[in-house]
Amino acid sequence: MQMSFRWYGEEDPVSLDYIRQIPNMKGIVSAIYDIPVGESWPLEKILELKQTIAKHDLELAVIESVPVHEDIKLGKSTRTKYIENYKTTLINLGEAGIPVVCYNFMPVFDWTRSDLSYALDDGSRTLIFDEEAVSKMDPRTLSLPGWDESYTKEEMKHLLDDYKKIDEEQLWENLSFFIKEILPVAEKAKVKMAMHPDDPPYSIFGLPRIITDKQALNRLVNLYDSPYNGVTLCVGSFASDPKNDAVEILIEMLEKGRVNFMHTRNVKLVGGKSFQESAHLSQAGSIDMYQVIKALVNHNYTGPLRPDHGRMIWGEEGKPGYGLYDRALGATYFNGLYEACLKANG
Ligand code: DNO
């Protein structure tokens, strides 16, 4: 397991200098943020990012994400050019020696929460998803780190209208087309693709969502039979649907050799589909993190893992979910579980 940390580039209030001081920190998960979705990423820009990170004795381990243009998800005829651009980006990433690309296939909106600064009893602040609040939300007024915010209100309306014609099966067809186009290129470039599950893993705002459970992951990995067609096993995303057993999903994908990237965060289910993002500790939420790390150790997982989302603690302010302190505590906790599991195996 390669311990990693997400970094949002020079604009990130959490500096590489600080990240490097977290014990066992090796990898950086980042992206190029100033290229519009759908355009290809030039090799020079990728190399520049890689060198900035290397200067701090860290390694650019994963690109999260290379976003997929909506025309690809919608299966529009214009997808051809965007798929070609995606391939060029993968070739350039391969050339720069970047081993893993995280991406997702969620229509319009990426991860979604109803409150980004909910006060927990201990005075920390966290991200929550309240089913009822989300049902009343206007998606156009919400924004989260990593979301594409380049749409005008008018464009957004058209986009949402376009999706009225796309049901889940159609979305699967469009995903299948995309996978079959890009995977041979990713294989040749030696870049492992890692599909992030939908977060949360069910339809929101009436939009279809398909990467939601174990069955869906199996369908995805069967679309193209190669270790390069893998997943980002985000245990927190899966566990936010009470129907999913995140550990069971993880083990199945490890057995198939398709886990290319790990996201570890905990969620506390609080009734229905509502949840709060808790501290990483098993007792704080609904996921048994010992079982998660044990599964990784038992399957000799050597890929990157990042402690996902942290609460805001000790008065820290910053990007919701992406402060320094609680994520660093998460990293230290996972280091401890990892060492214990490894040594228990002798
Ligand atoms: C949220 C993240 C997501 C993730 C993308 C991957 O914190 O887990 O934004 O980066 O969905 O493509």
Side-chain angles (χ1 to χ4, degrees), residues 4 6-12 27-54 58-108 110-111 145-151 171 174-197 211 220-221 223-224 226-232 258 260-261 263 303-304 306:
S4 317
R6 195 173 199 176
W7 179 65
Y8 279 99
E10 304 291 357
E11 309 286 293
D12 195 326
I28 288 294
V29 177
S30 194
I32 295 173
Y33 296 98
D34 58 0
I35 298 180
V37 175
E39 284 182 23
S40 59
W41 295 10
L43 179 59
E44 310 76 69
K45 277 201 148 227
I46 300 167
L47 289 173
E48 204 183 301
L49 177 66
K50 186 176 159 150
Q51 279 148 15
T52 303
I53 292 165
L58 292 160
E59 186 197 331
L60 178 52
V62 182
I63 293 293
E64 179 176 351
S65 311
V66 181
V68 178
H69 195 276
E70 295 301 325
D71 287 8
I72 297 176
K73 298 178 213 164
L74 286 161
K76 287 192 169 178
S77 58
T78 39
R79 70 180 159 182
T80 320
K81 98 171 166 234
Y82 295 120
I83 291 178
E84 286 315 307
N85 289 348
Y86 208 98
K87 289 180 188 169
T88 306
T89 300
L90 293 180
I91 292 166
N92 290 345
L93 289 170
E95 181 84 27
I98 313 297
V100 180
V101 164
C102 171
Y103 70 116
N104 72 73
F105 216 72
M106 286 178 257
V108 196
D110 196 310
W111 62 309
W147 277 27
D148 182 5
E149 285 164 21
S150 62
Y151 304 114
L171 193 58
N174 299 342
L175 172 61
S176 166
F177 184 90
F178 176 63
I179 296 273
K180 286 173 186 156
E181 283 283 323
I182 62 153
L183 252 301
V185 177
E187 261 179 332
K188 210 163 154 223
K190 297 206 165 25
V191 174
K192 287 188 167 171
M193 299 303 294
M195 170 72 89
H196 191 285
I211 309 298
L220 165 76
V221 300
L223 288 176
Y224 190 92
S226 158
Y228 285 85
N229 180 26
V231 300
T232 298
R258 299 299 185 99
N260 289 341
F261 183 26
H263 277 189
R306 71 170 179 85

Heavy atoms, side chains only, cut-off 4.5 Å: are [X] and [Y] in contact?
X	Y	value
Trp7	Ile53	yes
Leu60	Ser30	yes
Ile35	Pro42	yes
Leu175	Met195	yes
Leu171	Pro107	yes

From [atom1] ([X]) to [atom2] ([Y]), nearest 0.5 Å:
X	Y	atom1	atom2	value
Ile83	Ile182	CD1	CD1	8.5 Å
Glu187	Asn229	CD	CG	9.0 Å
Ile72	Tyr82	CD1	OH	9.0 Å
Ile98	Ile63	CD1	CD1	5.5 Å
Asp71	Asn174	CG	CG	10.5 Å
Gln51	Glu44	CD	CD	11.0 Å

Practice task
List for me each residue that meets side chain to side chain donor-acceptor pair (under 3.5 Å) alongside Asp12, sequence neighbours excluded, and say none if there are none.
Solution key: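 Once residues adjacent in sequence are excluded, Asp12 has no partner under the side chain to side chain donor-acceptor pair (under 3.5 Å) criterion.
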Which heavy-atom pair separates [X] from [Y] by the least distance, and what is that distance?
X	Y	result
Pro304	Val62	CG-CG2, 3.5 Å
Ala96	Lys50	O-NZ, 2.7 Å
Asp34	Pro36	O-CD, 3.8 Å
Ile179	Pro184	O-CD, 4.2 Å
Ala31	Glu64	CB-O, 3.5 Å
Ile211	His196	CG2-O, 4.2 Å

Is there a donor-acceptor pair under 3.5 Å between the side chain of [X] and the backbone N or O of [Y]?
X	Y	value
Arg258	Ser226	yes
Ser4	Arg306	no
Asn260	Pro227	yes
Lys73	Met106	yes
Thr232	Phe261	no

Handout entry: More than 12 heavy atoms of other groups within 6.0 Å of Glu84 CD
Key =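 More than 12 heavy atoms, drawn from other residues, nucleotides or ligands, come within 6.0 Å of this atom.
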Handout entry: Salt-bridge contact Lys45-Glu48 (side-chain N to carboxylate O under 4.0 Å)
Key =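 Glu48 and Lys45: not salt-bridged.
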Exercise for the section: Evaluate the criterion side-chain contact (heavy atoms from CB on, under 4.5 Å) for residue pair Glu11 and Tyr33; output intermediate values, then yes/no. Expected result: CA-CA 10 Å; Glu11 309 286 293; Tyr33 296 98; over 6 Å; no
Exercise for the section: Could you walk me through whether Leu49 and Trp41 pass side-chain contact (heavy atoms from CB on, under 4.5 Å), step by step? Expected result: CA-CA 12 Å; Leu49 177 66; Trp41 295 10; over 6 Å; no
Problem - Test log, rule side-chain contact (heavy atoms from CB on, under 4.5 Å), inputs His69 and Thr78 - result: CA-CA 10 Å; His69 195 276; Thr78 39; over 6 Å; no
Exercise for the section: Say whether Tyr86 and Glu181, considering side chains only, have a donor N or O and an acceptor N or O under 3.5 Å apart. Expected result: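 There is no such pair between these side chains.
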